[in-house]
Q: 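First, the structure itself, so that you have it in front of you.
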Amino acid sequence: MVPEIPPARGDRIGPGPDAPPIVQGRGLTMRFGTNTVFRDVTFDVRQGEVFVILGGSGCGKSTLLKLLVGLRRPTEGAITVLGEDLIGARGAARRRLLQRFGVMFQLGALFGSMTLLENVRLPLESFTDLPREAVLEIARAKLGMVGLGDATHKLPSEISGGMVKRAAIARAMALDPPLLFLDEPSAGLDPITSAGLDQLILTLARDLGVTFVIVTHELDSILTVADRIIMLDKAARGMIAEGDPRVLRATSTEPTVRAFFNRIAEAA
Amino acid sequence: MSARSLPFSGRLDAAAATRLWDATMRSAAGPVSLDLSAVTYCDGAGAALVLAAERRAAAAGGGAVIGASGDVAAVIALARKGAKAASNPPPVPPTDSVPVAVGRGAFATIHGMGDSIAFLGEAISAVTTSVLRPWTLRWPDMMRHAEEAGTRALPLIAMLGFLFGLILAFQSAIPMRQYGAEIFVANLVAVSVFRELGPLLSAVILAGRSGSAFAAEIGTMKVNEEIDALTTMGLDPFRFLVVPRMLAAIVIMPVLIAVMNISAVAGMSTVMTSLGFSLIAISNQVVAWTTAGDVIGGLAKGLVFGAVVAGIGCARGMRTGAGPRAVGDSATSAVVGGIVSIVVLDGIFAILFFLMGW
């Protein structure tokens, strides 16, 4: 029996198929020595959607995210982000492109010697000529937006894992980028905190029109936030599914996709 | 003929397995069956005992496990499944032959040297840019590192310098006395400390205190993805992390050397005054026999030593692998690399100064 499809995405309606692509991956292949992690991965992320890259452990989804944010170069393939060639961009052009999107890392990656406010101020002070008062105002507002308005002067070591991730989202949003990449936002969080983070993502997507590219394997989060997914598979060394996760859950005939969405354990 | 039965009873847990292991293995050396009908409880250790006995008995033509109740049978079945999986480990990759291992080692060394040269180039470029455009420098970070590497090291530098001057003076005063040349102990200590030992010891202390701290701090940032975060924010990790530390070390080293020199002279003076020489005589001796070149040469070496110690610390930190152990390895490697580089550079400076007539 197909499980009931949960109410998805709050009161938000994702973009239609005609929305312009904001991220494009074409023929992406990644090898480490003789080990092929994935090959020929091709997809579009449409403007305004919450796009999830999912798959089991070791399938290469975090590696794919590293390619999309410019931390690694693919062995083969092309990546276009916000209309620009990410792989070909060099020097100042590359720095400008990097400033146009935000990234939240799996562990938050807040700078441990800085308070939350200083963490959020950093990109504003580094890349804008805003007066100090404006920088402070914006940084406080970003932290308030993620529910950390009363923790601005705390160090990352003084707050919980969920708060670290919220602060990391606030820092990633400091320059109001139209595109945010999140690596495993729910990993290591309790279900309530995780659900709160999902709601935050939906709110930001709905109210600010931010496009999200999220790497996760948390089924509840995927079904709650995702407009579209691509699924990578370790055995296939590539992409095995693309589409609306609720539709895939109900209709996919691909055994790995069905096993993932219906939480069927791999045969021991 | 029916197989002899080896009966077990009661709780088959870790304590029972420990107690029964040797006796069971001896008893299972023949064609026996293992009777578990009286076993009330079995854990992982008990299951291991049963499976080991089963294998041993099977080799002698026995080994049937009989009479296990539901829970006991389930634990043994699970353990058997695990043992079967563990008995088929993935093939171990073949070990490299000696020539291949040497080749790989040489390649890794050359690759590492290439990385170091690339890092040196990037560091020189970034430091030069910051010096030429000081408004791009992160001054608060630099001041913080200068305070940690410099101000907080001053008591240690002063104490070691004083003791070093004192020990050197004592040790040299004994043979010098035989020739009535005790007054020249002042020259010996001053010249050796100003030219060689002051810069060298200060740099070793910098490598031990700050080089390792730089490597550990940057290494931890690498492990925590903070450097990746800087990169994806469009911030240059070199400008953000390496330049403030290198400039702090370069600026602070002459100060550390000056304090080391003064402390060593104070230590030497303590010994000399105890031998009956006046401070005026000691001072005249030092001033008359040391040149500005001795002092300036030592301080100039310090600038280079500071850059090298901080550069190696930062480079090791930036190259940290994954996990806490990698951070420790980076810190150790920063200290060892820093000290070795300082000594090698000091030798090069000695030759250069000799050729320049200093």
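Chain letters run A, B, ... following the sequence lines, proteins first and then strands; every chain starts at 1. Note that the coordinates shown come from a computational prediction; the quantities given were computed from them, not determined experimentally.
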Q: With side chains defined as the heavy atoms from C-beta onward, is the minimum distance between Leu116(A) and His153(A) less than 4.5 Å?
A: no
Q: Would you mind checking which part of Val103(A) comes under 4.5 Å of any heavy atom in chain B, side chain (CB onward), backbone (N, CA, C, O), both or neither?
A: side chain
Q: Which one wins on heavy-atom pair count under 4.5 Å against chain B: Arg100(A), Arg171(A), Lys66(A), Met104(A)?
A: Arg171(A)
Q: Can the ring centroids of Phe119(B) and Phe238(B) be said to lie less than 6.0 angstrom from one another?
A: yes
Q: Taking side chain as everything from C-beta outward and backbone as N, CA, C, O, which of these in Met233(B) sits under 4.5 Å from a heavy atom of chain A? Side chain, backbone, both or neither.
A: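 Both parts, heavy atoms under 4.5 Å.
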Q: For Phe101(A) and Phe181(A), I'd like to know if the aromatic rings sit close, meaning centre-to-centre distance below 6.0 Å.
A: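 Ring centroids of Phe101(A) and Phe181(A) are less than 6.0 Å from each other.
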Q: Hey, which of Leu107(A), Leu175(A), Leu97(A) has the most heavy atom pairs under 4.5 Å with chain B?
A: Leu107(A)
Q: Do Arg245(B) and Phe214(B) meet the cation-pi criteria used here (NZ or CZ under 6.0 Å from the six-membered ring centre, within 45° of the axis)?
A: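 Yes; both conditions hold, so Arg245(B) lies above the ring face of Phe214(B).
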